[in-house]
Colleague: 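Got a structure for you, written out below as structure tokens; questions coming shortly.
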Amino acid sequence: MRLKLLLLVTLLFGLFLESSAQDTSELFIRVVDEKSKQPISYATVRFGDTRQGIIANEKGDFRLPLTFKLQNRTVIISSIGFQTHTVSVGDLNENIINTIYLKTKIEELDAVLISGTRRKGKRNESKTERLSVEEIIRNAIREIPTNYPYQPHSAIAYYRDYQVVNDNYYNLNEGIVEIFDSGFNTNKLVYKDNHTALYSYDLNTEFYQDTLLLYSAYGKSKKLAGDNSAKLGIETLNELEILNIHNPIRNFDKNTFSSVYVFKDDFIKNHDFKISRITYVENEPLYVIEFITNEEAKIRYFGVGKIYISKLNYGIHKLEYRVFDVGRDFQRVNLTTHLKNEVSLKGKETLFEVTIEYKSIGSKMYLNYMTFNNRFLLKEPNPFKLEEMSFNSNDKRFYLTFNKPLDESSIKRKRNFKLYYKKKKLVIKDVELIEENKLRVDVVSWSAGEKVNIRNVSGDQFSCKLSRVKDILGGTINKPFRLTGYQFREFFTQEIFEDKTIESNLIYVDKTLPLSVSKLNEPSFDITKYWMNSPLKTTNN
């Protein structure tokens, strides 16, 4: 007993030291909607009066070094649809997740515009604007050469890619990168001076790793495949290039993804639109235009989204696009019905999702962040199973060892376990997870009432039947398993350099190969100005 107590104290002390070390090196902040109390995804965090900053993650979380508190620095937090908020870092606490609340800033329209390219006759007009929805979007596309940079520039950013299965992160790779872009008048993928340099890139071993999930990368087919997994139409294994291809704003005159296709030619004709409200980003008014794929798109996949366009110069600040597999029996609804109750998409599988945001710096707009994920389906080649069952005659307990880590919630029901001695059922008292893939089972009567010399009992006299026990990926014991998950690739800008050309002394990544095989550069600047905003351990924290 004294030994167990000593081990417990040692473990708790170790956890305290680990927690203290983490708390004394970083501050943790979460950005939340003051009204709904929901996290604000991808809020922009700028450091004081500089152009440097980071982007909060999808749960509204971001990290700051403790030195910011010691220096009493300020951060300016902004997000589309919310009032900008300034925070003194010196007021934040070290040992908690600090919550920052933002107030909403939107305007409801007196009259909204609903419009689709299939409609004929009199143009719908707002009481306050004499432009149709299509004209606003058409103006935004036409003004891309004016609003976005045609000169060489670069961005230093935090990049990460990972898979999410059952709300857990897997195979999280992350690093600091610099992208060099010669301008919107050049092809992002093939132009000779559009390149990426890596300053750091590695697997974060604090998160789950599973080699099976590495096969979730895109294949070569452009279209959505028959098994409803999303595919890519270019032969590249480079994660950043896959992400870049799915940016229809940067590639407005190139083919991108389903329904959007060539943004300047196909986006308007393949969708119906509605202006739902006016919102703001740092006092700049934006049209919030919601859209849905129409029947002219002639695909069985159903896309919905929002596009945020400046009322001042038609700059596109943000694009959200989500594609669903709706099935062949799907009854298409119009935009008004969909936006009113969203019944059309309940229970539908998301095939892929893209969110892109640009921010104004000077007279141009630069990429602020981009996140893209696609669903993948994999047949598990090594199904979840019991590898070994043993009985310890000293402590009179059974030990079950599995080939994969267990989902702890699936072992809480004792009726999922049936143990037998000479085909006689034993009464189970308790089931406990002692290692990620190992259980300890206590029974009320290990011998089913028989008086037996325990030390003479052989292991083959025991047997078990298991049901509804699952591994952490969701596979059920002894059953074929088709894995469903999502592959994420995300880019978060930390600093923009408006007039920066490609540097001859850097090593650039091969655009056709994975980032993991690329060589790293020794930075010629203070790399500590940029850091990795690693997520919490699971997506539902």
Colleague: Minimum heavy-atom separation for Ile249 and Ile144, please, with both atom names.
Modeller: O-CD1, 4.3 Å

Colleague: At what distance, to the nearest 0.5 angstrom, does CZ of Arg375 lie from CZ of Phe324?
Modeller: 11.5 Å

Colleague: Checking side chain to side chain donor-acceptor pair (under 3.5 Å) for the pair Asn173/Ser516: CA distance, chi angles, key distance, verdict?
Modeller: CA-CA 9 Å; Asn173 296 288; Ser516 58; over 6 Å; no

Colleague: Are Asn57 and Asn533 close enough that a side-chain donor and a side-chain acceptor fall under 3.5 Å?
Modeller: no

Colleague: What heavy-atom pair brings Thr371 and Phe488 nearest, and what distance separates the two atoms?
Modeller: OG1-CD2, 4.2 Å

Colleague: For the pair Phe47 and Trp531, name the ring-plane relationship: parallel under 30°, tilted 30 to 60°, perpendicular over 60°.
Modeller: parallel

Colleague: Rounded to the nearest 0.5 Å, how far apart are CG of Asp202 and CG of Leu172?
Modeller: 10.5 Å

Colleague: Check for a donor-acceptor pair, side chain of Glu353 on one end and backbone N or O of Tyr321 on the other, with a separation under 3.5 Å.
Modeller: no

Colleague: Taking Asn194 for the side chain and Asn187 for the main chain, is one N or O donor matched with an acceptor at less than 3.5 Å?
Modeller: yes

Colleague: Quick one: side chains of residues 64-85, donor-acceptor pairs under 3.5 Å with protein atoms, not counting sequence neighbours, listed by atom name and distance.
Modeller:
from: Lys69; atom 1: NZ; to: Gly90; atom 2: O; distance (Å): 3.0
from: Lys69; atom 1: NZ; to: Leu92; atom 2: O; distance (Å): 2.6
from: Asn72; atom 1: OD1; to: Ser88; atom 2: OG; distance (Å): 3.0
from: Asn72; atom 1: OD1; to: Gly90; atom 2: N; distance (Å): 3.3
from: Ser78; atom 1: OG; to: Glu282; atom 2: OE2; distance (Å): 3.3

Colleague: Locate the shortest heavy-atom distance separating Gln163 from Phe376; write the atom from each residue and the value.
Modeller: CG-CE2, 4.0 Å

Colleague: Look at the side chain of Glu239 and the backbone N and O of Leu515, then say whether any donor-acceptor pair between them is shorter than 3.5 Å.
Modeller: yes

Colleague: Please verify the inter-ring angle class for Phe372 with Phe352; under 30° counts as parallel, over 60° as perpendicular, anything in between as tilted.
Modeller: tilted

Colleague: List for me each residue that meets side chain to side chain contact (heavy atoms under 4.5 Å, CB included) alongside Glu34, sequence neighbours excluded, and say none if there are none.
Modeller: Tyr101, Lys103

Colleague: In terms of relative ring orientation, are Tyr530 and Phe525 parallel, tilted or perpendicular, with 30° and 60° separating the classes?
Modeller: perpendicular

Colleague: Find the distance between CD (Gln52) and CD (Glu495) and round it off to the nearest 0.5 Å.
Modeller: 4.5 Å

Colleague: Measuring from Asp210:CG to Leu473:CG, what's the distance to the nearest 0.5 Å?
Modeller: 5.0 Å

Colleague: How far does OG1 of Thr196 sit from CG of Leu506, to the nearest 0.5 angstrom?
Modeller: 11.0 Å

Colleague: Could you measure the distance from the OH atom of Tyr508 to the CZ atom of Phe180? Nearest 0.5 Å is fine.
Modeller: 4.0 Å

Colleague: Would you sort out whether Glu320 and Lys318 count as a salt bridge (charged side-chain N to carboxylate O under 4.0 Å, His left out), showing the intermediate values?
Modeller: CA-CA 7 Å; Glu320 301 171 354; Lys318 188 175 182 180; 3.2 Å; yes

Colleague: Honestly, is Lys404 close enough over Phe384, meaning NZ or CZ under 6.0 Å from the six-membered ring centre and within 45° of the axis?
Modeller: no

Colleague: Identify the two heavy atoms, one from Pro535 and one from Arg63, that lie closest to each other, and give their separation to 0.1 Å.
Modeller: O-NH2, 3.7 Å

Colleague: Can you pull out every salt bridge (Lys or Arg N to Asp or Glu O under 4.0 Å) where at least one residue sits in residues 142-162? Sequence neighbours excluded, please.
Modeller: Glu58-Arg160, Arg160-Glu490

Colleague: If we ignore hydrogens and angles and just use 3.5 Å, is the side chain of Asn521 paired with the main-chain N or O of Ile507 as donor and acceptor?
Modeller: yes

